[in-house]
Amino acid sequence: MIFTFLFHQEAYAQKNNQSQKVDSLLALNQLHPQQDSVKVMLLEQIYKGYLKLKDANKFEEYVDKTVALAQKLKLRNISGFALYRRAKFYHGKTIFVKSEKYYYLAITEFELAKNLDMVGGTYLNLGALYTAIPDYAKCLEVNQKAIAIYEKLGDESDLASCYTNLSAVYQSLGDHSQSLVYLNMALKIFANENAQSRGVAVVNELIGTAYYEADPSDLEKMGILPKDRLNVALQYYQKSLKVADYLNDESIMSSVRKSMGDVYDTMGKKDLALSTYQKAIQISKNLDDKSSYVDCLYALGKFYQKQNDHTNALALFNDSYKMADENNLIELKRNAALGLSDSYSELKDYNQSLSFYKQYVALRDQIFNEDKEKEITRRQMQIDFDFKEKDYRYKQKITGIELQKQVLLANQQQQELYLKQQQLALSNQEKSLQRLTFLKKQLDLEIAQKNQSGKFERAKLQAKYETSLRDKQISKQEQQIKFDWRIKIFLSIGLALVLFIAGIIYYNQRKTKLLNKVINQQRQELEQLNRVKDKIFSVVSHDMRTPVNALISFIQLLENGNIDQEKLSRYAATLKHNLSYTSAMMENLLNWAASQMQGFYPDMETLNIHQLLNEVMNAVLHHADAKNIEIENNTNPDMFVKADANMLSLILRNLISNAIKFTPRNGLITLSGTNSDNELFINIADNGIGLSDQQLTHFNKTSYNGAGISTLGTEKEKGTGLGLILCRTFIDLMGGKISASKNNLNGTIFTITLPR
């Protein structure tokens, strides 16, 4: 009740803050009379605020004002987004006629703004709308337009969304093999962009559904044998669930788990089906989409009905019926009415059975009449769809031929250009050759003139003088080069020495830091061990003295012989309780001491977890019976793991005893287990008082070593505080892990993870 109150308080505060924000925007709007871009942005923020407040009338009023002013100022993107949000608003309320109208108005604005990305996105939303109506011909048309835009923009992600929409059309028409073609195209794009994206989760779920719902003829086209259908569907559901868990997308998690429950039920794996249905209900309960929650309730009810558990089935069908009626989900209400009729019939309540059967017949006839009209429309739409798809493929083929012609023409033009370039290059080479010939002849003429003028000797002397100057310059340059080379050698040696010394200093500092880190870690471990030692001495000195003194006093009373039978029984019960606590304390102390000895290793062997848990339950059953606590072992009888039997028994006994200690009377402790490829998980869940957030954070740290602190149980039961320390120590010795988390209802879940 406290948590519910806090939640409502927080929601109220958020709504109040949003309302204040809208009021401040309205005030700013009043203070700004100019009809300019600032005014448009204020109006835009106001209608967004009313949308968050879910005030539909005010939202539409300010959308109209925003669109009118944005169109006047030619701010087409702003007017386009306002119309787009109004269309999405009606789309969410399934008012498809108005939604379609405003989607097309938004497209007009985005086209004027040349915002192709939003034009494609709006066509994509229209595709989803036409699928829901359904109008498959229009769905194909708008998706083709979106595909053309995204191909032009090179937007692979939204292109994959178009393929996903088209696959949904084929699934609705019952053509699962063709649906799979589009889904594989979409999955390839989504996976290349991000293997952990929501698109990958959605498409894997749809592929699983395609395989699960496919008939033998579809399976043959898919290349799958009928006997492999369920396994293949389950593999794709598991892939989808893995990504959904990573993204914490509860909508997909709920839907996939419900589908997996159907597959497990069909396979005959009843325990897996039950746990999967329950998890789906738990997740979908808080979702906005109530149809998913109703569907999960009905699925679990059908499961219980097949198991002849009509009491549980009746409760689930009843909840499903009420939710379907509140949310006007006619088909789900019809299914729930039939389920209620069958369950009441099995429970011999024929009046109620007849009443719900009459409701079922009325709902069935209503849906049948609607389905007849839809079937006629659907067949006509399928004919239109096939015609348009063939026309689309023909246009694609024609476009491909035209594209090939354009490519050939471009290649031909490129070759002609290349030939022209070669001809131009040859022409330039000829001109260069002619110029060189001219220059050679000119040079020859000049030499002849110099020879004739008698200046040859002077030129020779001048050349000799210049050669002498060059030789001197070369000599100076060589000396300078040698000097520079020596300087470089000295600098290189100096730099190498500096780097070497710096390296030694860095190595020594790093080594010192590592040593300090090791010393600090060892110091912390020694301090922790010292605290545990002090706790042990405190326990031994105090908690062992009390039961021993009580035993001595009891013996003295017996020796005196002056005690009646009632007091004798009461004192004996108290002494037995104290000695039981002392025995458990001594066992934990001895086991902890053994674990601290060097050379203490686990004896690993293959263990049956179900049998081991039954043995541990029998050992602590008298404690549970004393508080009327029920312990359920829900593990699979065929679940095995390699571990040390004594260590694992001690760990389980401590955790179950701990759960009994902190669970009030009439409580419930649930033992369950799951397998993965390489690990086994054992869960001990109670609905007791639970650990605090601080205690959970401290316990889940890898460095946790405990401090021997004990807390009294729900009926003042005492403890040593060494149980969890001992569990962590033995789990580490067996190469496993232990963690704690809050139970969704109340209490704590301890999870043991062991390698298989």
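Model, not experiment: these values are computed from the prediction.
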Please evaluate residues Lys627 and Thr714 with respect to the criterion side-chain hydrogen bond (donor to acceptor under 3.5 Å, both in side chains), reporting the C-alpha separation (whole Å), side-chain torsions for both, the decisive distance (0.1 Å), and the verdict.
CA-CA 10 Å; Lys627 296 175 73 173; Thr714 57; 2.6 Å; yes

Given side chain to side chain contact (heavy atoms under 4.5 Å, CB included), test Leu652 with Ile682 step by step and report yes or no.
CA-CA 9 Å; Leu652 295 171; Ile682 304 173; 4.3 Å; yes

Could you walk me through whether Asn312 and Asp309 pass side chain to side chain contact (heavy atoms under 4.5 Å, CB included), step by step?
CA-CA 6 Å; Asn312 279 327; Asp309 186 352; 2.7 Å; yes

Under the side-chain hydrogen bond (donor to acceptor under 3.5 Å, both in side chains) criterion, do Ser739 and Asn700 qualify, and how do the steps go?
CA-CA 5 Å; Ser739 62; Asn700 288 326; 4.7 Å; no

Does the pair Val641 and Thr606 meet the rule for a side chain to side chain contact (heavy atoms under 4.5 Å, CB included), with working shown?
CA-CA 6 Å; Val641 71; Thr606 301; over 6 Å; no

Checking Leu671 against Met617 for the side chain to side chain contact (heavy atoms under 4.5 Å, CB included) test, could you report, in this order, the C-alpha distance in whole Å, the side-chain angles of both residues, the deciding distance, and whether it holds?
CA-CA 10 Å; Leu671 312 178; Met617 284 169 56; 3.7 Å; yes

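A donor-acceptor pair under 3.5 Å is absent between the side-chain atoms of Ser341 and the main chain of Ala337, judged by distance alone. When atom types are taken as modelled, the side chain of Arg665 and the backbone of Ala626 share a donor-acceptor pair closer than 3.5 angstrom. When atom types are taken as modelled, the side chain of Asn608 and the backbone of Gln611 share a donor-acceptor pair closer than 3.5 angstrom. Within the 3.5 Å criterion, the main-chain N or O of Leu272 finds a donor-acceptor partner in the side chain of Ser275. With hydrogens and angles ignored, the 3.5 Å screen pairs no side-chain donor or acceptor of Ser240 with any backbone N or O of Tyr236. Under a 3.5 Å cut-off, the side chain of Asp644 and the backbone N or O of Met647 do form a donor-acceptor pair.
Under 4.0 Å is where a charged nitrogen must lie from a carboxylate oxygen, and between Asp732 and Arg728 no such pair does. Comment: Lys302 does not engage Asp265 in a salt bridge, judged by the lack of any side-chain N to carboxylate O separation of less than 4.0 angstrom.
The heavy-atom pair separating Phe681 from Ser676 by the smallest distance is CE1-OG, 3.8 Å. Residue Ser197 comes nearest to Val243 through the heavy atom pair O-CG1, 3.3 Å, listed as atom of the first residue, atom of the second, then distance. The two residues Leu316 and Ile281 make their nearest non-hydrogen contact at CD2-CD1, 4.4 Å. When every heavy atom of Gly301 is checked against every heavy atom of Ala313, the shortest pair comes out as O-CB, 3.5 Å. In plain terms, the two heavy atoms of Arg198 and Leu247 that are nearest each other are N-CD1, 3.4 Å. Scanning all heavy atoms of the two residues, the minimum distance from Asp325 to Lys333 falls at OD1-NZ, 2.8 Å.
For NZ of Lys52, the number of neighbouring non-hydrogen atoms (other residues, nucleotides, ligands) closer than 6.0 Å is 12 at most. Around atom CG of Asn516, more than 12 heavy atoms belonging to other residues, nucleotides or ligands sit under 6.0 Å away. Counting heavy-atom neighbours within 6.0 Å of Glu605 CD, excluding the residue itself, gives a total above 12. Dense packing is recorded around CG of Asn327, with more than 12 heavy atoms of other residues, nucleotides or ligands lying under 6.0 Å away. Other residues, nucleotides and ligands contribute over 12 non-hydrogen atoms within 6.0 Å of the NZ atom of Lys290.
Glu679 places a side-chain heavy atom less than 4.5 Å from the side chain of Lys737. Considering only heavy atoms from C-beta on, Phe356 comes within 4.5 Å of Tyr321 through its side chain. Put simply, the side chain of Ile684 reaches to within 4.5 Å of the side chain of Ile752, judged on heavy atoms. A heavy-atom distance below 4.5 Å is found between the side chains of Ile651 and Leu655. Residues Asn286 and Tyr293 fail the side-chain proximity criterion, which asks for heavy atoms closer than 4.5 Å. In this structure, the side chains of Lys742 and Thr748 stay at 4.5 Å or more apart for every pair of heavy atoms. Taking the side chain as every heavy atom from C-beta outward, Asn633 and His610 approach each other to under 4.5 Å. Residues Leu680 and Thr674 form no side-chain contact, since every pair of their non-hydrogen atoms from C-beta on lies 4.5 Å or further apart.
Among Val263, Asn204, Asp262, the one residue that satisfies the side-chain contact (heavy atoms from CB on, under 4.5 Å) test with Tyr237 is Val263.
Between the side chains of Glu615 and Ser649, no donor-acceptor pair is found at a separation under 3.5 Å. Side-chain contact, Thr266 with Tyr212: a donor N or O sits under 3.5 Å from an acceptor N or O.
For the atom pair Met323 CE and Ser291 OG, the distance stands at 10.0 Å (nearest 0.5 Å). A distance of 14.5 Å separates NZ of Lys279 from CG of Leu300, quoted to the nearest 0.5 Å. Taken from CZ in Phe317 to NE2 in His310, the straight-line distance is 9.5 Å, to the nearest 0.5 Å. Taken from OG in Ser255 to CE in Met260, the straight-line distance is 11.5 Å, to the nearest 0.5 Å. A distance of 11.0 Å separates CG of Leu668 from CG of Asn666, quoted to the nearest 0.5 Å. One finds the CE atom of Met253 at 7.0 Å from the CG atom of Leu241 (value rounded to the nearest 0.5 Å).
With a 6.0 Å cutoff to the six-membered ring centre and a 45° limit on the axis angle, Lys306 does not count as a cation-pi contact of Phe303.
Remark: aromatic rings of Phe750 and Phe699 are close, center separation under 6.0 Å.
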